[in-house]
Each structure stands twice: as structure tokens, then as C-alpha cells.
Amino acid sequence: MAKLILLCLKFIILSSAVEAVFEDQVGKFDWRQEYVGKVRFSHFDTHVQSSKKVLLATENNVFAALNTRTGELFWRHVDKTGPEGNIDALLQHGQDVVLVVGNGRLLRSWEINVGGLNWEIVLDSGSFQSACLVGQQDNVKHVAVLKKTVISFHYLSNGHQKWIENLPESETVDYQSVYSDGNGEVYALGIVPHSHIAIVAYSVEDGEIIKQMSVEAAWLSNIQASCVVISQGMLTCVDPLTVSLYMLDLHTESQMTQIPLQSLGLEVAPGFHPVLVSTQPNPGRQPLSEFFLQLGPDYYQLLQLNNGQIVTLRDFKPAMLVSFATTGEKTVAAVMSPKNKTASSLNLFSAETGRRLLDTTLIFNMDPYGGKPEKLHVQAFLKKDDSVGYRVMVQTEDHTLTFIQQPGRVMWTREEALSDVVTMEMVDLPLTGTQAELEGEFGKKAAIQDGLMSMVLKRLSSQLILLQAWIAHLWKLFYDARKPRSQVKNEVTIENLSRDEFNLQKMMVMVTASGKLFGIDSKTGSILWRHYLDNIPSNAAFKLMVQRTTAHFPHPPQCTLLIKDKDTGLATLHVFNPIFGKKSHVSPPALPQPILQSLMLPLMDQDYAKVLLLVDDQYKVSAFPSTKNVLQQLQEMASSIFFYLVDSTQGRLSGYRLRTDLSTELIWEVVIPAEVQKIVSVKGKRPNEHVHSQGRVMGDRSVLYKYLNPNLLAVVTESTDLHQERSFVGILLIDGVTGRIIHEAVQRKARGPVHVVHSENWVVYEYWSTKSRRNEFSVIELYEGMELYNSTVFSSLDRPHAPQVLQQSYIFPSYISTLEATLTEKGITSRHLLIGLPSGGILSLPKMFLDPRRPEIVSEQSREENLIPYAPELLIRTEWFINYNQTVSRVRGIYTAPSGLESTCLVVAYGLDIYQTRVYPSKQFDVLKDDYDYMLISSVLFALFFATMISKRLAEVKLLNRAWR
Amino acid sequence: MFHGGRTALLWVCMQAALVVAWCFTDMETGPGAGVSTQPNGDRFKIEGRAIVPGIKTQDWVSTARILVEGEEYVGFVRTDGSFAVNDVPSGSYVVEVVTPNYRFEPVRVDITSKGKMRARLVNYIKTSEVIRQPYPLQIRASGPHTYFMKRETWGWTDFLMNPMVMMMVLPLLIIVLLPKVVNTNDPEMRKEMEQSMNMLNPNPELPDVSELMTKLFSGSKGSSKAGGSSKGTRPAVKRR
């Protein structure tokens, strides 16, 4: 029992030793940015005049309310990813918003002030077509949902179904749209392509079919693309072939009237499919009789239906985007037209007359590195003098939202592309001019050329420069101290970027799925540069590589982004400066062949750029940069350059060697039968990882040496059979040079998703145990044994002894989203695993807990070694969450980078949100803690100093007195 | 800090006990394990209510989510705190209420292929153990999350109550203050003190208990040593 207590005590000591966040550190080193994704639907909350909300439903299955004043989130609801959480429609009425989710599977109503759910109901299966609110005499109480075969009618207050009806002839008729204008009827509009339109009118009360008609329309193929309803139920369609409008009164006629556009004096741009835009401000009333007709890519026409006649009100040419907006009883049209190359202007026009409203011009400055405007979201409001004012949210191709107020003041911008970060790198910031000057003094050329005297002079001058900079810094401090704190702005701009003394501040280069690149300051989170790459294929894979760091002044740093189309395999390179985001002058090679593999070599050309090798599908290798110098180096090195290829469809891993003529030869091949198991991931070690200690000191003072093979690959496979009794997860450790299988482990009754971390001499992986229905971690550690075979250099070709393999598994009481390990400069600091949880927390779990040498029975030796006794379950302590309550939704990746301080590791977690912080896995042992009490230590020093002074004086007096006695 | 340590200790002991228990019981699959999940089978609804005692629901519902088996199925909390997760096939699931600020215990819900529901405590070690929970679920927050460690603050009381400081300060006080309080120059006082010293050591000729013991255990060799030491101390007493 005493032993057990001792054990417990030890455990507590160990567990309390790991670091946690202190409350006063909140926001000091960390920041979070929350995103929603590309906006699909937006709605300005207008039911209260002073409302500041805009509701957004996005393609990332997020429903959120933003503050229109600041652009920050009021609340956000993140649904499942994939089609099951897809938001099909957004309808707002009052303070409720109805969403149709998951291809018409769910109907949800949200209360927008609180951000809570009102109700949620499950709809019958069937693919969703359209939904609309249905009102009667300005009183909206119902919502109608049209599916492939049925139309259903629900109460807005509780979601209960009022009635559901099968659509007639739904096998042949493709119902696409539902319409209501508050007269007690709901129209379902369907089409038999190139034949006729089917219109069914239902009674709102009981779902009885009031009317059913079929109208000849052989030219029409899609209602949603080419038809709108205007005025008193006039279905208006446009046909690009006959270049005419067709109109049909839903209430009476059974014949479409054709109006050739030529009769209105209009002409369609060749090859353009005209588009109609209409508006129905209130679901309880008729749509407006005015509508837009887009006749060309930048040509809009405002038309009006007046007593059955189409009247042209105004033409807009050139006009990029148009949008209707309604406030009170007034409806306006906002039109965006190009002004010059970098700006476009927005104007408001009265919808009824087409007259331009005075003082409504707004200038939108386009970002030269951004995309083109794509959508306008206009918020109109009535001013005090009853005129219409407006603000506008412009959505551009690169998923950016810009909210602008008159006369062009940008209130906020949101870079929603950052909700989908694919890959990132952290790059050191450049040195400042003075720092560079100092560095230059010790440059290799200077010492040889100059004599002693000039060196001394140089030294003095650089010291002088340093002194000057220091005085300027002090002056600035003094100057800032006098100003109130709120006015002091330490804004980081590209101009004043410089490395700090511990290299804690870095440039985060982020690549997003939309093809927009960002440079973000890691300290503040402010976006310093952005660059939108257009013509990125939609299914592109990205790989970002740092070819030249900032260490090689005056050569600029250089990053290369490999963009590969997943279907064709064709790739392009984008070379840029990671600090300024500018495209480099270096022209990348054209890559006509599909690329299989890319690898960065530690070789450098004469300009200090690392060499990038690209392997194409003919197994030919091309180098970038490919100067003579590089090719020569490659020829010399070729015999020691190896690479591997993975073909997961055929389950083949193959190793190649480079020949001197830059062709390749196959040297090994491992085939994993693809019908039994498939390769899920292949993980090597990180190239910038350092391991400080070669071994572990055991309890008896002997050393257990680690097996540190830099060429080791961890290959994870999953069984193709997913039955819970037969499924398994396999892990193979393969030497990437020789193809030798070092170790093989199989986890039976387990399935993926498998998350792997491979570092130093260990591999940690996580899987789902189907037998016990829980997540389990397993750790494999490799040791050479008590003796090192060749301690000076590691060679895969000369390693006769197989390593000792230790393995242990643990239960983890949660699902995980992603897994990564901390990384520090020299590898002295102990390692932690960073685990992204679905709840949004990022757990920092000491690697100490995942140690296969954890004993089941405690012995003197294991205690000596500080091994924690084995416990099957790992703990999740909320103190170990490095992001406290700043949850990161849908964490997809965690990036770790070393800083200049050995104790500190920089961490960026990205998913829907981005979170940046620092972690200290072994606490801050190399700097004073940030709570270091300077006051106390100096006051104690002063007190001691004075105490000695006084006591000295007293002693003197006493001595004198004694002498007199 | 101290309190936390104690609870952790309790917890670990409990867990250790559980481990022992686990070693002896056979692993058997739970009742839900036999039911395989059918993608096209019936879909069911998991219902319940989440409660944060003392906090209005509108203050926390907008940040809450219901996660079933990680993010496999997602539900949201209604404005009154109740929730329902739709479209869940039969099987056994861990249901969690996730909010950034409040801690909720997860619950395991078993759904049979006929749609019968049962809720029980989550136990990852003994997966077949059944400790019933109410269904529809009633999940009560057990308090706010503790994300932060307490800083070691520096206070005068902490400093003074430190045993090392106490050990240093008390003798210092005695050394400094006693001669001040008791006037040692007074001959009467001196006599009195000497008397009280003698009272404490009533019979100087009587051997000490400890001395006796050492004599007894170490035999003759120790006796001379012990005698020597006792001799050494006695004159010191006398001198005072």
C-alpha cells in the first residue's frame, strides 16, 4: 500500500510538472481568428432598424451571424462536413431563420438574437429543389419545401407539418421551383425539358390542388436558370436561341406570349446566355414588376412590366454586378460599374423609375493581388430625411468579404479563404539594416581584403550605428510613454518587419485551397501580404517549400509552391518572396510532364538556393534551379541521392536512385496487396528535426542507444475489409534507401482514420478499436541496444543489427482530429504531442506518457529513470489545453516550428479557425519567466544594501562606545 | 493546488483499483456491439437536455454543440437547453455536449436495431459495464472548465508561514528578546534561573534513558563513548 501511495505521489508530481497556461497570459502570445468560409447565402437582418447582424450560410456548412460594424462573429454554428451538413437554402422571417440542410433532409429554425435552435425536424427523403416562405396578407406563417416528388408545408412557429402532397406525374416532370405571392396559393413549377412547363397550384389551407396546367415550351430546359416570376404572378423566361422573352400569367393564361428582344431594341452579346434577376421583398406580397436582364458579361438592362407591356427603364453598360435591396417600402438597385483599372464605382438607382439617386456613389478599390468582385450584398436603410442610404458587402472570387460604407470607407474585410488553409510554412524574418551591417562586418570577404586599421574603423562605426539605434529606441519609448496607451500603435507593416532577439516572431506563409496565398505576422496575426493566384484547378494539391531562407543577405528569401492538378498530374511552380509576397524574377521551368514526386536537397547553388528535384512520370528528373553549378554538384552527389514513390492504388512502394545523367534506376520495391489492404499514409521524419541525445540513461547508469535512422519511413495501411471482426490497421517501418523492412506491426480489430507522428526514434499512431469501441494510441520505439554500431555517422547500407522494438498501447478517451509533435531548435527540450480534438481543444500531451518502457510493476530502477507506471488510460486534463477556451473548429492541421529559444516551440493550428501560440514543453528554462518579480528582487537587494550600511554604522558607534568605556 | 493534488491522488488510486479489477474480469463485448451499423437501415433520434446550473440558457447555447462519436453526427442545442440528434443508425455511441466554457460528462447511448434506447456511463476500460443513466439524456454541467494554473503569488503571509522561515525566525526572537525581557544582570534572577534549570534536570546523577539504551545495544564499546559525551554536556549546563 505504501508503495502504491508512493507511486501515486510520483504520478502527481510528474503530472503537475507539465506546463499549463496561466490566466494572465491570455492573449499575450496567442491569437485566434475565426472564419466561416465562402459565403453561399447572406441576409441582412432588417426586422429591427438598429440591427447590426448579417446572417451568412457558407459552403463550409457554417451558419453564422456577423457584426456589420466590426466584422466579428456574434455566433457561429458549425455543422458536419460533407453533403449531410450542406446548407441548401436560407430564409429569414423576423428573428427566425429557416435553413434547409443536407439535400432537404433537415429543416432547422434558428433564433438569431441568441443564436439558439428553435426547432429541427426531419423531412422525408428526396432530393431538395426549392423552398420559399408563404404568407397571407403580410402575415408569414408557413414555409413550403419542394422536393423531387413531394411538396410539404410547415408551420414557422414549431416546424410541424401542415400538409404534404405528392406531385403529379413526378416521374416525368422535373419540378424545380416553388412560388407564392400571398394570395392563398402555392405554385410548384416543373418542366419536361424541351416539351412543356407543368404548373400545379395548391391551396395553402389543406394542400388541395386548385389548378393544374401544362404549357407548351419546347425551347426551355431549366426553369431555375432562365425563368423568374415578376409582378402579379407573371412567369418570365428568356430564350437565348430565339433571343426573346416569354411571359405567362400563372393565374389565367395557358399560352406563353413571346416578346422578341429586338422589339425592345435590345441585343444579346454573342455566345452569352441571358440571365434574369428579379426581387420579391416580402414573401406575403407580389414580386416587383421591375427586373434586370443581363445581356452580356458587363451589360445589364433594367426592365419593367407595365400594363402587360415590357418597358425598358435604363441600360447599364458597362456594369459588372447588380443587386436589388429593399428598405421599408422602397426598393433600389445597386449597380457596380468599372471606373478605372483599380477601382469600380457603385451607384443606387430607383427600381421604379431607373433614376440615379443623388449622393449614392461609392468607390470600391480593388486589391491588385485579389480576385474580381463576384457578388454584391446590399444593406439599404432609410436615412432621417427619408432618403435611401446603403452599405455594401462585396464578395470577390478569392472569397474575400469587404464591407464598405459611403463614400468608400472600408469598414472591415474578412479573408474567408483562410478558412481552408491547405499547407503552411514559417519563415524567419529578415534582419534590419543595422543587424545586417553587423553581420556584414564578419563576412568572409571583408576580413581578407581589409587590413587591421580599416577593420577597427569598421567596428567602431558599426558600434556607433548600434548606439544610435538604441538611443532612437529609448527616445521612442519615452515619447510613447507620455501618450495615453490607447493611442500608441505598434502596427506591424512590411516596412518595419525585423527579427526579434529570440526569433519568436516569424512570417507565416499560408496556402489556401482557393489559391490565395497569405503572409501573416505570427505575433499579431495581421495579414501583411496576400496574393491571389487565378487559374488554379479546383482539385489542386499544393506543396510549399522554402528554397532560400532569410539567412543569405543580400539574396532575397525564396519560396516555391508546387501546384499539381490531381486529375492530370500536371504541375506548375509559383516562385515568390515569402516576406513580401512578390513573385520572384526567377522564372520557373515549364513542366510538360505529370509530376510524381518532388524533393528538396540540402545542396545549394551559388546563390544559396536549395535544389528542388522533380520526378516526372517517365522517371526523369529535372532540377530547379538548373544552373551548371547545380548540375555539376548533382553529378557528384548522384550516387547518394535516393527517393521513393508511393502508388497507393496498386499498393506499391518503390525506391529509386539517381544516376549521373539524371535518369533513375529502381533499386527496391515493396508491394502491399491492394485487395487486402491499402496504403493510407507514408510519413518520414521532418528534415529540420534535431535529436540532442543519442541514448537514454537507464536506472543502472548504462545507456540504451536510440535507433536514429533519418531515412526511416512509417507506412500505415488499413484493411479493405471493414467488417469489425476482420478489419485491421498495419504499420510498416521501411528504410527508404535500402527498402529493408525494419519492423511490422498489425493492430487487429482496428480501423482508421489513423493519425501518425514519426519523429526521433519513435512512431506514435492512433486508431479506432472496433472491439472495445474506443480510440487507442500505440507507440513504437526503436533502440540499437546497449552499444552503438557506428556512432559517428549513420548509413542505411551499413547497419547489420536489427533494432530492438518496444511497443505499448493506451486508451485515449476522445476522438482526435489531428496529431503533431512539438519541435525545438536543438532537440534538448522534452517532446509533447499536440492533439487536435473535435471539441476544438488542442491538448498538449507529454511524450513521457507514451513511452513503451513504462513499467507495470515499479522497480527501483524505473523510479530512478523517472518512468511513470503503466496505466491503460491516458488522461485529458483541461489544464493541458494550450488554447484554453479559444477553441479551433475542425482542426485539420497543426504546424510546429522551432524558435530561437530552445525552450519555446511555435504552434499554429488551422482548420476553420487559425490559432497561433507558443508552447514550452519543459517550461521556460532559458529565459526569465514572464511573471518574474523584478520589483521584489530589487527591493530585497536594496533593503539588504541599506541594512548593511546601517548595521555598519551602528557597529562603528558601538565600537567607539566600547573604546570609551 | 493542494486541493487539486488530493483529488488527483484519490482519482489515481481509484483508477489503480479499477485496473486491478479489469485484469480479472473477462473482456466481453457490450450488448450494442453485436448490432452492426447498417447504412440503409432505420435512422433514430437521440434526445436529451443539457443543463448548466445557475446560468441562463441563452448565455451558452450559441456556443454549444452535441457531438456523437466525434463529429460523426452533430446536433445543436435548442434555446431551452434540450437537444436532438437526428438520423443516427442503430449502434453504440458516445454522446458529448461540447462548450468551450462548461464541462459535461459524456454518456454512452446504445440503440438497438428496433430503436430501443439505453444510456449508460462511459467506461473505456470495462466497456461492457452498465451503469444506467436516464434516457432521454439529462446531462448536467459539472462546472466551468479549469484551463488555467494558479500563479505562485508572493505574499507576506506565505513568506512568514514558510517552515524554514519559522525555524529561523523563532530562535532569533528567543536569542534577541529573552535577554531583554529577563534581566540577566540581576543576581536574584540568576539564582532563580539556575534553580529552574536544576528542576528540569532533577537528578544529575541519574543516567539518561537514551544513554541507557545506547549502552544496552552497543555494549561496552559504546559505553565509554556515551559517557564521554554526557560528560561533555554536563559541564556546559553548569557553566550557564
Side-chain angles (χ1 to χ4, degrees), chain A residues 4-5 7-9 11-12 15-16 19-24 26 74-81 84-85 102 105-106 108 111 113-120 122 723-724 771-774 811 813-817 838-841 871-873 878-879 881 884-887 890 931 933 936, chain B residues 1 4-5 8-9 11-13 15-16 18-19 22 27 29-30 32-33 36 43 45 57-59 61-65 67 69-80 83-84 86-87 92-94 96 98-101 103 106 108 122 124-125 127 145-152 154:
Chain A
L4 190 77
I5 289 172
L7 188 158
C8 298
L9 269 174
F11 188 78
I12 290 153
S15 56
S16 60
E19 51 93 36
V21 188
F22 295 108
E23 193 153 10
D24 52 271
V26 166
F74 277 119
W75 44 260
R76 179 181 70 173
H77 290 287
V78 182
D79 206 343
K80 265 175 89 163
T81 49
E84 283 170 72
R105 183 67 183 157
L106 296 170
R108 283 201 187 116
E111 210 281 334
N113 289 330
V114 173
L117 189 67
N118 283 327
W119 46 263
E120 173 182 303
V122 182
H723 188 272
Q724 59 173 1
K771 186 188 176 192
S772 314
R773 285 170 312 197
R774 62 193 179 202
I811 302 164
S814 171
Y815 279 81
I816 76 167
S817 306
S839 64
E873 193 170 359
T878 43
E879 287 94 334
F881 284 173
Y884 46 105
N885 66 356
Q886 306 286 298
T887 53
R890 285 192 201 146
D931 67 331
D933 206 336
L936 180 74
Chain B
M1 175 71 220
L9 185 128
W11 202 92
V12 170
C13 289
Q15 195 176 353
L18 272 177
V19 175
W22 176 63
M27 284 285 286
T29 46
S36 63
R43 297 295 184 115
K45 189 201 244 183
T57 47
Q58 57 257 44
D59 293 342
V61 285
S62 64
T63 56
R65 284 211 295 168
L67 300 185
E69 290 299 83
E71 274 184 311
E72 194 72 33
Y73 306 97
V74 177
F76 298 99
V77 183
R78 290 198 200 103
T79 41
D80 60 351
F83 61 83
N86 287 303
D87 267 356
S92 174
Y93 305 98
V94 175
E96 281 175 285
V98 173
T99 67
N101 295 326
R103 188 173 63 233
R108 186 175 279 281
V122 176
Y124 285 111
I125 296 174
T127 47
H145 278 303
T146 47
Y147 289 116
F148 303 113
M149 299 284 272
K150 268 265 168 63
R151 275 246 194 248
E152 283 174 33
W154 196 89

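Below, read A as the first sequence line, B as the second, and so on, with proteins coming before strands; counting in each chain starts at 1. Quick note: numbers below take in every heavy atom, side chains included, and nothing from hydrogens, waters or symmetry partners.
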Select one option (side chain, backbone, both, neither) describing which atoms of A/L106 are under 4.5 Å from chain B's heavy atoms. side chain
Is there a side-chain contact between A/V114 and B/V61, using heavy atoms and a 4.5 Å cut-off? yes
Mind checking whether B/T63 and A/W75 have side chains closer than 4.5 Å, heavy atoms only? no
For the pair A/N118 and B/R78, evaluate side-chain contact (heavy atoms from CB on, under 4.5 Å) and give the outcome as yes or no after the intermediate values. CA-CA 6 Å; A/N118 283 327; B/R78 290 198 200 103; over 6 Å; no
Go through the atoms of A/V78 and report whether side chain, backbone, both or neither lie under 4.5 Å from a heavy atom of chain B. both
Any idea which heavy atoms bring A/P838 and B/G70 closest together, and the distance? CG-CA, 4.2 Å
Would you mind checking which part of B/D80 comes under 4.5 Å of any heavy atom in chain A, side chain (CB onward), backbone (N, CA, C, O), both or neither? neither
As an exercise, state the distance from OG of B/S62 to CZ of A/R76, rounded to the nearest 0.5 Å. 11.5 Å
Could you state the interatomic distance from OH (B/Y147) to CD (A/E879), rounded to the nearest 0.5 Å? 10.5 Å
Does a side-chain heavy-atom distance below 4.5 Å link A/R774 with B/T127? yes
Select, from B/T99, B/D59, B/V77, B/D87, the one with the greatest count of heavy-atom pairs under 4.5 Å involving chain A. B/D87
May I ask you to test the B/Y73-A/K80 pair for a side-chain heavy-atom distance under 4.5 Å? yes
For atom CD of B/Q58, decide whether the heavy atoms of other residues, nucleotides or ligands shown that lie under 6.0 angstrom number more than 12. yes
Residue list, side-chain contact (heavy atoms from CB on, under 4.5 Å) with B/V98, at least two apart or on another chain: A/S839, B/L67, B/E96
Ranking A/R108, A/Q886, A/H723 by heavy-atom pairs under 4.5 Å to chain B gives rank one to A/R108
Between atom NE2 of B/H145 and atom CG of A/N885, what is the distance when rounded to the nearest 0.5 Å? 9.5 Å
Check the pair A/Y815, B/V94 against side-chain contact (heavy atoms from CB on, under 4.5 Å), reporting the backbone distance first and the verdict last. CA-CA 10 Å; A/Y815 279 81; B/V94 175; 5.6 Å; no
With a 4.5 Å limit on heavy-atom distance, are the side chains of B/R108 and A/R773 in contact? yes
How many angstroms lie between atom CZ of B/R65 and atom OG1 of A/T887, to the nearest 0.5 angstrom? 9.0 Å
Candidate pair A/R890 and B/E71, rule side-chain contact (heavy atoms from CB on, under 4.5 Å), full reasoning: CA-CA 9 Å; A/R890 285 192 201 146; B/E71 274 184 311; 4.2 Å; yes
With no hydrogens and no angle check, just 3.5 Å: does a side-chain donor-acceptor pair link A/E873 and B/Y124? no
Give me the ring orientation class for A/Y884 and B/F148: parallel if the planes are under 30° apart, tilted from 30 to 60°, perpendicular past 60°. tilted
Residue part contacting chain A, namely of B/N101, when any heavy atom lies under 4.5 Å: side chain
About how many Å separate OG1 of B/T79 and CG of A/L117, when rounded to the nearest 0.5 Å? 7.5 Å
